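Here's the structure, in structure tokens; my notes come after.
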2 protein chains.
Amino acid sequence: MQVPNQLSAFIQEGDKWFLPSVSLDCVILGFHDNQLKVLLLKLKHSGVWALPGGFVLKEEDTETAAARVLKERTGLQDIFLQQFHVFGAPNRSDGSIHRKGLLKSGIEPSPDNWLFQRFISIGYYALVDFAHVTPFPDENSTECVWKDIHEIGSLMMDHNEILNKALETVRLQLNHQPIGYNLLPQKFTMPELQTLYETILDKQLDRRNFHRKMTAFGILKRLKETRKGGAHRAPFLYSFDMRKYQKALKQGLNGGW
Amino acid sequence: MQVPNQLSAFIQEGDKWFLPSVSLDCVILGFHDNQLKVLLLKLKHSGVWALPGGFVLKEEDTETAAARVLKERTGLQDIFLQQFHVFGAPNRSDGSIHRKGLLKSGIEPSPDNWLFQRFISIGYYALVDFAHVTPFPDENSTECVWKDIHEIGSLMMDHNEILNKALETVRLQLNHQPIGYNLLPQKFTMPELQTLYETILDKQLDRRNFHRKMTAFGILKRLKETRKGGAHRAPFLYSFDMRKYQKALKQGLNGGW
DNA sequence: AATTGTTTGTGTTGTTCTGACACAATGATA
DNA sequence: TATCATTGTGTCAGAACAACACAAACAATT
């Protein structure tokens, strides 16, 4: 089954293609300039900023739908992508936004247009390598850009809430599983990894203790190269050892009881 | 808005009342006889066992819908209830089960009956005080009973998967937040709490270390009563200090970084 | 080529947390 | 009153953790 490309067919006849009532939104996070970035769309006409989202094809797995949206906006495949929450308030979706957009596009939607129904939204978050992303707006938006998470204004509908819940989830998960590497290039230095942690957790960490704890996990491979070019001592490059990581996951990284 | 009670109206005309495509399933856990129990329904006609579930009213919050299902099956309100995962495989719902049920009820459903559509399901889990529950079957089932989680056979559709994911989530969360008290009566002894932990985690714990770690959280109140009647030294009763718990939650119980 | 400034790599120490264990106190029963 | 199983509490060694100091490396400056 092909996903329709034409705006009018897609919007007007969504009920032909998509599962009713269900939408999804993706919080796509990247790391650049020592800052956490989130990928946002600027909607046509309204100019409102929104998270990339989409709908689920009638015969499509929800996870596949999320991966599809991620691919369409970033070009990336096989990426760390997890559902984190369902947003199901009855008044969360707002048909009037879509109505205005359609009207400004010269389309007069019927009052029972598919888009005006109530949607619940499944929230997904993705951790991506900033450098590998080619942001690409969809048919409904004029821009698709990275925004510093500290410089986010008011987003469409409940998207601020969705974003915050995603960040909260990432922070929690970072404490229990070393997911941070997903945001870095394949080779990275220990200071870079630490800065990433400090940024996500919004907390300063001790350089030496961080190094010790991190290496103790046994999931990093220190390479024989160093990152030259900085004006100071060249730090070693590390890469992530996926095999050891999978092993560690099974045992659980830190216990609890 | 009233929820319809009549089976025929409810099943036949679900599209009048409920959000399409969206269902929810509740994993309701209790603790009894030193065993974790889950509340299951035995479906009419097919005799298959299933998790209690339901649909979301058109103007209803998904959380409210889950609370409603919980109330209808157990009589309980204001209970620990959390969504934990969305099950969105395209082939997970199985209209044929409903079709057979309807046929045996003497109802000939039309092929485009609302029940035969694809449903995604939002999984919720609840932790309840076993003694306070009055299990009550719904219009579609003959029994509503507690089952030991070690004696669960094959459940309807993907309900085994849903149950397992719920248990996995509870185990993880138990390591980070003291949610166990939800499964116990208001007053409980330390050995009872420990047995609960051992049952959920399926692991023996040291009595003294457990006591130390548990009290260190500072969220238990030791009462001046003891539980007499056992053939041995009477253990103290404890109760849960909700105020201190909320405080502790904000700070995060165990850190990580 | 030597000096300087800043950053990285690693070691040490004292404190806290955790796991393994011992013994006294209690309550029903015989 | 003695017995037995269970509970309450203490101790100790090892691990984990936070706070800290110093040497090595790199590039820019002189």
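Proteins get letters first, then strands, A, B, ... in listed order; numbering begins at 1 in each. In this text, all values refer to a predicted model and were calculated from it rather than measured experimentally.
Following rounding to the nearest Å, B:His232 (NE2) and C:dA30 (C1') show an atom-to-atom distance of 13 Å. Between the CD atom of B:Gln194 and the P atom of D:dG8 there is a distance of 10 Å, rounded to whole Å. Distance, B:Leu205 CG to C:dT18 C1': 13 Å, rounded to whole Å. In this entry the distance linking CG of B:Leu237 with C1' of D:dT7 reads 13 Å, nearest Å. One atom, CD of A:Gln204, and another, P of D:dA19, lie 13 Å apart when rounded to the nearest Å. Between the CG atom of B:Asp206 and the P atom of D:dT7 there is a distance of 13 Å, rounded to whole Å. Atom-to-atom, CG of B:Asn209 to C1' of D:dA13 comes out at 13 Å; the value is rounded to the nearest Å. The nearest whole Å value for the distance from the CZ atom in A:Arg227 to the P atom in D:dA27 is 13 Å.
If you check distances only, the side chain of A:Arg233 never reaches the base of C:dT7 with a donor-acceptor pair under 3.5 Å. You'll find a donor-acceptor pair under 3.5 Å spanning the side chain of B:Arg212 and the base of C:dG19, going by distance alone. One N or O donor and one acceptor, one from the side chain of B:Arg208 and one from the base of C:dA22, sit under 3.5 Å apart.
A salt bridge links B:Glu60 to B:Arg68: one of the charged nitrogens lies within less than 4.0 Å of a carboxylate oxygen. A salt bridge does not link A:Arg92 with A:Glu161: none of the charged nitrogens is closer than 4.0 Å to a carboxylate oxygen.
Residue contacts for B:Ala234: at a heavy-atom cut-off of 4.0 Å it reaches the sugar-phosphate backbone alone, with no base atom in range. Using a 4.0 Å heavy-atom cutoff across all strands shown, B:Arg222 reaches sugar-phosphate atoms only and no base atom.
In terms of position along DNA chain D, the nucleotide closest to B:Ala231 lies nearer the 5' end than the nucleotide closest to the other residue of the pair B:Tyr238 and B:Ala231.
Each of B:Tyr238, B:Tyr197, B:Phe240 was compared with B:Tyr181 under the ring-ring contact (aromatic ring centres under 6.0 Å, His included) criterion, and only B:Phe240 meets it. Partner of B:Val38 under the side-chain contact (heavy atoms from CB on, under 4.5 Å) criterion, chosen from B:Leu155, B:Ile28, B:Ile152, B:Leu167: B:Ile152.
For the residue pair B:Asp25 and B:Ser121, a side-chain donor N or O sits within less than 3.5 Å of a side-chain acceptor on the partner.
In this model, the phosphate group of C:dA28 is not approached by any side-chain N or O of B:Lys228 to a distance below 4.0 Å at OP1 or OP2. Between A:His211 and C:dT10, a side-chain N or O to OP1/OP2 separation shorter than 4.0 Å is present.
Considering only side-chain atoms of A:Lys213, the nucleotide from D:dC17, C:dT18, D:dG8 that sits closest is D:dC17. When each of D:dA25, C:dT10, D:dT7 is scored by its nearest atom to the side-chain atoms of A:Arg207, the top-ranked nucleotide is C:dT10.
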